[in-house]
There are 2 protein chains.
Amino acid sequence: MGKGKFLGEFEQLVLLAVLRMDGDGYGMSIRREIVGQTGREVSIGAVYATLERLERKGFLASEEGEATPVRGGRARRHFRLQPAGKQALLRSRRMLDSMWDGVDGVGSLEQA
Amino acid sequence: MGKGKFLGEFEQLVLLAVLRMDGDGYGMSIRREIVGQTGREVSIGAVYATLERLERKGFLASEEGEATPVRGGRARRHFRLQPAGKQALLRSRRMLDSMWDGVDGVGSLEQA
DNA sequence: GTCTAATATTCTACAAAATAGAAAATATTG
DNA sequence: CAATATTTTCTATTTTGTAGAATATTAGAC
(Lines give C-alpha, C1' and ligand atoms only; values in the text may rest on other atoms or scores of the structure.)
Protein backbone atom coordinates (compact mmCIF):
# COMPACT_ATOMS: atom_id res chain seq x y z
CA MET A 1 0.00 0.00 0.00
CA GLY A 2 1.96 3.04 1.16
CA LYS A 3 5.61 2.44 0.40
CA GLY A 4 8.00 4.09 2.83
CA LYS A 5 6.67 7.51 2.01
CA PHE A 6 6.25 8.73 5.54
CA LEU A 7 8.44 9.88 8.35
CA GLY A 8 8.32 8.48 11.84
CA GLU A 9 8.01 11.00 14.61
CA PHE A 10 11.59 10.80 15.72
CA GLU A 11 12.72 11.10 12.13
CA GLN A 12 10.86 14.37 11.96
CA LEU A 13 12.61 15.67 15.04
CA VAL A 14 16.01 14.72 13.69
CA LEU A 15 15.33 16.24 10.30
CA LEU A 16 14.11 19.44 11.93
CA ALA A 17 17.17 19.62 14.13
CA VAL A 18 19.38 19.26 11.07
CA LEU A 19 17.43 22.00 9.34
CA ARG A 20 17.71 24.29 12.35
CA MET A 21 21.43 23.88 12.53
CA ASP A 22 21.79 24.69 8.87
CA GLY A 23 24.73 22.55 7.88
CA ASP A 24 26.57 22.71 11.16
CA GLY A 25 24.76 19.85 12.81
CA TYR A 26 26.50 16.62 13.66
CA GLY A 27 25.46 13.69 15.84
CA MET A 28 26.20 15.10 19.26
CA SER A 29 24.96 18.60 18.55
CA ILE A 30 21.82 17.33 16.90
CA ARG A 31 21.07 15.40 20.02
CA ARG A 32 21.65 18.49 22.15
CA GLU A 33 19.37 20.54 19.92
CA ILE A 34 16.50 18.10 20.27
CA VAL A 35 16.93 17.76 24.01
CA GLY A 36 17.24 21.49 24.47
CA GLN A 37 14.33 22.39 22.28
CA THR A 38 11.83 19.75 23.34
CA GLY A 39 12.98 18.54 26.73
CA ARG A 40 12.73 15.01 25.43
CA GLU A 41 15.44 12.62 26.55
CA VAL A 42 17.24 11.11 23.63
CA SER A 43 19.94 8.48 23.57
CA ILE A 44 22.87 9.10 21.32
CA GLY A 45 22.47 5.73 19.67
CA ALA A 46 18.95 6.65 18.61
CA VAL A 47 20.20 9.78 16.93
CA TYR A 48 22.94 8.12 14.92
CA ALA A 49 20.76 5.23 13.85
CA THR A 50 18.15 7.65 12.62
CA LEU A 51 20.64 9.90 10.87
CA GLU A 52 22.00 6.96 8.98
CA ARG A 53 18.58 5.77 7.97
CA LEU A 54 17.59 9.22 6.77
CA GLU A 55 20.74 9.49 4.73
CA ARG A 56 20.14 6.11 3.17
CA LYS A 57 16.70 7.31 2.14
CA GLY A 58 18.13 10.42 0.53
CA PHE A 59 16.65 12.87 3.02
CA LEU A 60 20.04 13.90 4.37
CA ALA A 61 23.59 14.13 3.08
CA SER A 62 26.71 14.13 5.19
CA GLU A 63 30.36 15.07 4.93
CA GLU A 64 33.37 14.77 7.16
CA GLY A 65 34.09 17.89 9.13
CA GLU A 66 37.44 19.53 9.67
CA ALA A 67 39.93 17.01 11.00
CA THR A 68 40.86 19.13 14.00
CA PRO A 69 37.98 19.89 16.34
CA VAL A 70 38.31 22.35 19.17
CA ARG A 71 39.25 20.09 21.97
CA GLY A 72 39.95 16.63 20.77
CA GLY A 73 37.96 13.67 19.67
CA ARG A 74 36.96 12.08 16.49
CA ALA A 75 36.12 13.95 13.30
CA ARG A 76 32.61 15.24 13.05
CA ARG A 77 30.18 14.24 10.38
CA HIS A 78 28.07 17.19 9.33
CA PHE A 79 24.58 16.69 8.03
CA ARG A 80 22.59 18.75 5.61
CA LEU A 81 18.96 18.50 4.65
CA GLN A 82 18.28 17.44 1.07
CA PRO A 83 15.35 18.56 -1.07
CA ALA A 84 13.65 15.21 -0.59
CA GLY A 85 14.01 15.70 3.15
CA LYS A 86 12.35 19.08 3.02
CA GLN A 87 9.51 17.66 1.02
CA ALA A 88 9.02 14.80 3.43
CA LEU A 89 9.02 17.22 6.33
CA LEU A 90 6.44 19.45 4.73
CA ARG A 91 4.32 16.49 3.78
CA SER A 92 4.27 15.26 7.37
CA ARG A 93 3.43 18.66 8.64
CA ARG A 94 0.58 19.19 6.22
CA MET A 95 -0.81 15.84 7.12
CA LEU A 96 -0.85 16.62 10.82
CA ASP A 97 -2.11 20.13 10.28
CA SER A 98 -5.04 18.91 8.26
CA MET A 99 -5.95 16.53 11.04
CA TRP A 100 -5.70 19.26 13.66
CA ASP A 101 -7.69 21.63 11.51
CA GLY A 102 -10.98 22.43 13.13
CA VAL A 103 -10.16 20.65 16.34
CA ASP A 104 -8.77 23.43 18.48
CA GLY A 105 -11.02 26.01 19.99
CA VAL A 106 -14.14 24.05 19.17
CA GLY A 107 -14.35 22.97 22.75
CA SER A 108 -12.89 19.56 22.19
CA LEU A 109 -9.68 20.25 23.96
CA GLU A 110 -9.89 22.69 26.83
CA GLN A 111 -8.69 21.50 30.21
CA ALA A 112 -6.99 18.45 28.80
CA MET B 1 15.88 6.54 29.06
CA GLY B 2 12.54 7.83 27.76
CA LYS B 3 9.90 5.32 28.78
CA GLY B 4 7.01 4.98 26.37
CA LYS B 5 5.98 8.57 26.80
CA PHE B 6 5.64 9.48 23.17
CA LEU B 7 3.27 8.86 20.34
CA GLY B 8 4.30 7.49 16.99
CA GLU B 9 3.18 9.47 14.00
CA PHE B 10 0.42 7.13 13.01
CA GLU B 11 -0.78 7.00 16.58
CA GLN B 12 -1.23 10.74 16.41
CA LEU B 13 -3.30 10.48 13.27
CA VAL B 14 -5.52 7.82 14.78
CA LEU B 15 -5.98 9.75 18.00
CA LEU B 16 -6.85 12.86 16.06
CA ALA B 17 -9.34 11.00 13.92
CA VAL B 18 -11.02 9.68 17.04
CA LEU B 19 -11.12 13.17 18.48
CA ARG B 20 -12.62 14.57 15.29
CA MET B 21 -15.36 12.00 15.22
CA ASP B 22 -16.25 12.75 18.79
CA GLY B 23 -17.35 9.39 20.05
CA ASP B 24 -18.82 8.10 16.83
CA GLY B 25 -15.61 6.75 15.39
CA TYR B 26 -15.05 3.06 14.87
CA GLY B 27 -12.40 1.17 12.95
CA MET B 28 -13.68 1.55 9.42
CA SER B 29 -14.84 5.13 9.79
CA ILE B 30 -11.61 6.15 11.48
CA ARG B 31 -9.74 4.78 8.54
CA ARG B 32 -11.95 6.72 6.14
CA GLU B 33 -11.44 9.90 8.12
CA ILE B 34 -7.67 9.64 7.92
CA VAL B 35 -7.67 8.77 4.26
CA GLY B 36 -10.12 11.53 3.44
CA GLN B 37 -8.38 14.18 5.48
CA THR B 38 -4.79 13.47 4.61
CA GLY B 39 -4.85 11.51 1.37
CA ARG B 40 -2.63 8.95 3.00
CA GLU B 41 -3.32 5.35 2.15
CA VAL B 42 -3.98 3.31 5.24
CA SER B 43 -4.59 -0.40 5.60
CA ILE B 44 -7.38 -1.45 7.86
CA GLY B 45 -5.09 -3.74 9.80
CA ALA B 46 -2.87 -0.81 10.69
CA VAL B 47 -5.81 1.09 12.11
CA TYR B 48 -7.07 -1.70 14.31
CA ALA B 49 -3.64 -2.61 15.60
CA THR B 50 -3.06 1.00 16.53
CA LEU B 51 -6.46 1.45 18.14
CA GLU B 52 -5.83 -1.52 20.33
CA ARG B 53 -2.41 -0.32 21.33
CA LEU B 54 -3.75 3.10 22.20
CA GLU B 55 -6.50 1.62 24.29
CA ARG B 56 -4.04 -0.58 26.12
CA LYS B 57 -2.05 2.51 26.95
CA GLY B 58 -5.10 4.27 28.31
CA PHE B 59 -5.31 6.89 25.58
CA LEU B 60 -8.58 5.59 24.22
CA ALA B 61 -11.62 3.78 25.58
CA SER B 62 -14.05 1.74 23.55
CA GLU B 63 -17.54 0.31 23.82
CA GLU B 64 -19.69 -1.93 21.69
CA GLY B 65 -22.05 -0.06 19.45
CA GLU B 66 -25.71 -0.76 18.90
CA ALA B 67 -26.26 -4.38 17.90
CA THR B 68 -28.15 -3.50 14.74
CA PRO B 69 -26.14 -1.50 12.24
CA VAL B 70 -27.69 -0.03 9.17
CA ARG B 71 -26.99 -2.67 6.66
CA GLY B 72 -25.50 -5.76 8.22
CA GLY B 73 -22.18 -6.82 9.50
CA ARG B 74 -20.52 -7.15 12.79
CA ALA B 75 -21.11 -4.83 15.72
CA ARG B 76 -19.10 -1.65 15.76
CA ARG B 77 -16.67 -0.74 18.45
CA HIS B 78 -16.80 2.96 19.16
CA PHE B 79 -13.76 4.78 20.44
CA ARG B 80 -13.47 7.83 22.60
CA LEU B 81 -10.44 9.88 23.49
CA GLN B 82 -9.37 9.76 27.13
CA PRO B 83 -7.76 12.58 29.08
CA ALA B 84 -4.39 10.87 28.89
CA GLY B 85 -4.84 10.71 25.13
CA LYS B 86 -5.50 14.42 24.89
CA GLN B 87 -2.44 15.12 26.95
CA ALA B 88 -0.28 12.90 24.82
CA LEU B 89 -1.59 14.57 21.70
CA LEU B 90 -0.86 18.03 23.02
CA ARG B 91 2.57 16.98 24.18
CA SER B 92 3.46 15.68 20.74
CA ARG B 93 2.18 18.78 19.13
CA ARG B 94 4.12 21.09 21.40
CA MET B 95 7.24 19.11 20.76
CA LEU B 96 6.93 19.40 17.01
CA ASP B 97 5.88 23.03 17.18
CA SER B 98 8.91 23.93 19.21
CA MET B 99 11.12 22.30 16.62
CA TRP B 100 9.39 24.11 13.79
CA ASP B 101 9.54 27.37 15.65
CA GLY B 102 11.77 29.81 13.85
CA VAL B 103 12.22 27.58 10.84
CA ASP B 104 9.51 28.83 8.51
CA GLY B 105 9.89 32.11 6.76
CA VAL B 106 13.53 32.40 7.62
CA GLY B 107 14.43 31.33 4.15
CA SER B 108 15.25 27.79 5.05
CA LEU B 109 12.29 26.31 3.32
CA GLU B 110 11.10 28.13 0.26
CA GLN B 111 10.89 26.16 -2.95
CA ALA B 112 11.29 22.85 -1.21
C1' DG C 1 56.47 10.27 24.08
C1' DT C 2 52.89 8.25 26.92
C1' DC C 3 48.68 8.79 29.77
C1' DT C 4 44.53 10.65 30.61
C1' DA C 5 40.50 13.02 29.56
C1' DA C 6 37.41 14.75 26.12
C1' DT C 7 34.72 14.24 22.02
C1' DA C 8 32.57 11.68 18.57
C1' DT C 9 30.97 7.86 15.91
C1' DT C 10 30.00 2.91 15.24
C1' DC C 11 28.26 -1.40 16.71
C1' DT C 12 25.12 -4.79 18.90
C1' DA C 13 20.96 -6.25 20.47
C1' DC C 14 16.37 -5.69 21.29
C1' DA C 15 11.57 -3.44 21.88
C1' DA C 16 7.87 -0.93 19.92
C1' DA C 17 5.28 0.79 16.05
C1' DA C 18 3.60 0.30 11.48
C1' DT C 19 1.91 -2.34 7.72
C1' DA C 20 -0.72 -5.63 4.71
C1' DG C 21 -3.98 -8.68 3.78
C1' DA C 22 -6.41 -13.01 4.79
C1' DA C 23 -9.65 -14.97 7.94
C1' DA C 24 -13.50 -14.93 10.82
C1' DA C 25 -17.73 -13.04 12.74
C1' DT C 26 -22.23 -11.18 12.24
C1' DA C 27 -26.05 -9.10 10.27
C1' DT C 28 -29.45 -8.09 6.05
C1' DT C 29 -32.03 -9.39 2.18
C1' DG C 30 -34.21 -12.18 -0.93
C1' DC D 1 -30.54 -20.93 3.67
C1' DA D 2 -27.49 -18.61 0.21
C1' DA D 3 -25.41 -14.55 -1.17
C1' DT D 4 -23.67 -10.32 0.16
C1' DA D 5 -22.21 -6.52 3.03
C1' DT D 6 -19.88 -4.73 7.03
C1' DT D 7 -16.77 -4.95 10.58
C1' DT D 8 -13.38 -6.79 13.52
C1' DT D 9 -9.66 -10.15 14.56
C1' DC D 10 -5.63 -12.66 13.48
C1' DT D 11 -1.00 -13.73 11.47
C1' DA D 12 3.22 -12.44 9.78
C1' DT D 13 6.60 -9.26 8.63
C1' DT D 14 9.17 -4.84 8.01
C1' DT D 15 10.43 -0.49 9.68
C1' DT D 16 11.36 2.64 13.51
C1' DG D 17 12.94 3.64 17.84
C1' DT D 18 15.90 2.79 21.83
C1' DA D 19 19.91 2.10 24.96
C1' DG D 20 24.37 1.68 26.05
C1' DA D 21 28.87 -0.48 25.33
C1' DA D 22 32.72 -0.43 22.30
C1' DT D 23 35.80 1.90 19.50
C1' DA D 24 38.28 5.72 17.37
C1' DT D 25 40.60 10.03 17.49
C1' DT D 26 42.57 14.09 19.23
C1' DA D 27 44.50 17.54 22.77
C1' DG D 28 46.89 18.54 26.66
C1' DA D 29 49.41 17.29 30.93
C1' DC D 30 53.48 15.80 32.56
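Here is the naming used below: chain letters follow the sequence lines, and residue numbers restart at 1 for every chain. Hydrogens, waters and symmetry mates play no part in the numbers below; they use all other heavy atoms, side chains included.
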Round to the nearest Å and state the distance from B/Asp24 atom CG to D/dT7 atom P. 13 Å
What is the nucleic acid contact for B/Glu9, judged by heavy atoms within less than 4.0 Å: base, sugar-phosphate only, or nothing? sugar-phosphate
B/Glu41 has an atom CD; how far is it from atom P of C/dT19, in whole Å? 11 Å
Please determine if a side-chain N or O atom of A/Arg31 lies less than 4.0 Å away from the OP1 or OP2 oxygen of C/dA8. no
Where the side chain of B/Ala49 is defined as all heavy atoms beyond and including C-beta, which of C/dA8, C/dT19, C/dA17 is the nearest nucleotide? C/dT19
Rounding to a whole Å, what distance do you find between B/Leu13:CG and C/dA17:P? 15 Å
Any side-chain N or O of A/Arg40 below 4.0 angstrom from OP1/OP2 of D/dT18? yes
Looking for any heavy atom pair under 4.0 Å, which part of the strands does A/Gly8 touch: base, sugar-phosphate only, or nothing? sugar-phosphate
Minimum heavy-atom separation for A/Phe59 and A/Ala88, please, with both atom names. CZ-CB, 4.0 Å
For B/Arg53, answer base if it contacts any base atom (sugar-phosphate contacts may also be present), sugar-phosphate if it contacts only those atoms, and nothing otherwise; contact means non-hydrogen atoms under 4.0 Å. base
Base, sugar-phosphate, or nothing for B/Gly27, non-hydrogen atoms under 4.0 angstrom? sugar-phosphate
Which comes earlier along DNA chain D counting from the 5' end, the contact point of B/Glu64 or that of A/Leu7, where each point is its nearest nucleotide? B/Glu64
Looking at D/dT9, D/dT18, C/dA8, which one has an atom nearest to any side-chain atom of A/Phe10? D/dT18
Minimum-distance nucleotide to B/Arg74 side chain [options: C/dA17, D/dT9, C/dA8]: D/dT9
Can A/Ser62 and A/Glu55 be counted as having a side-chain donor-acceptor contact under 3.5 angstrom? yes
Atom pair OH/CZ of A/Tyr26 and A/Arg31 - distance to nearest 0.5 Å: 11.5 Å
Candidate pair A/Glu11 and A/Arg53, rule salt bridge (Lys or Arg N to Asp or Glu O under 4.0 Å), full reasoning: CA-CA 9 Å; A/Glu11 288 180 320; A/Arg53 198 185 323 131; 3.0 Å; yes
Does this structure show an ion pair linking A/Arg76 with A/Glu63, if we count only N-O contacts that are shorter than 4.0 Å? no
Can you tell which of D/dA19, D/dG20, C/dA8 lies closest to the side chain of A/Ser43? D/dA19
Whole Å only: how far is the CD1 atom of A/Ile44 from the P atom of C/dA6? 17 Å
Which whole-number value in Å describes the distance from A/Arg56 CZ to D/dT14 P? 15 Å
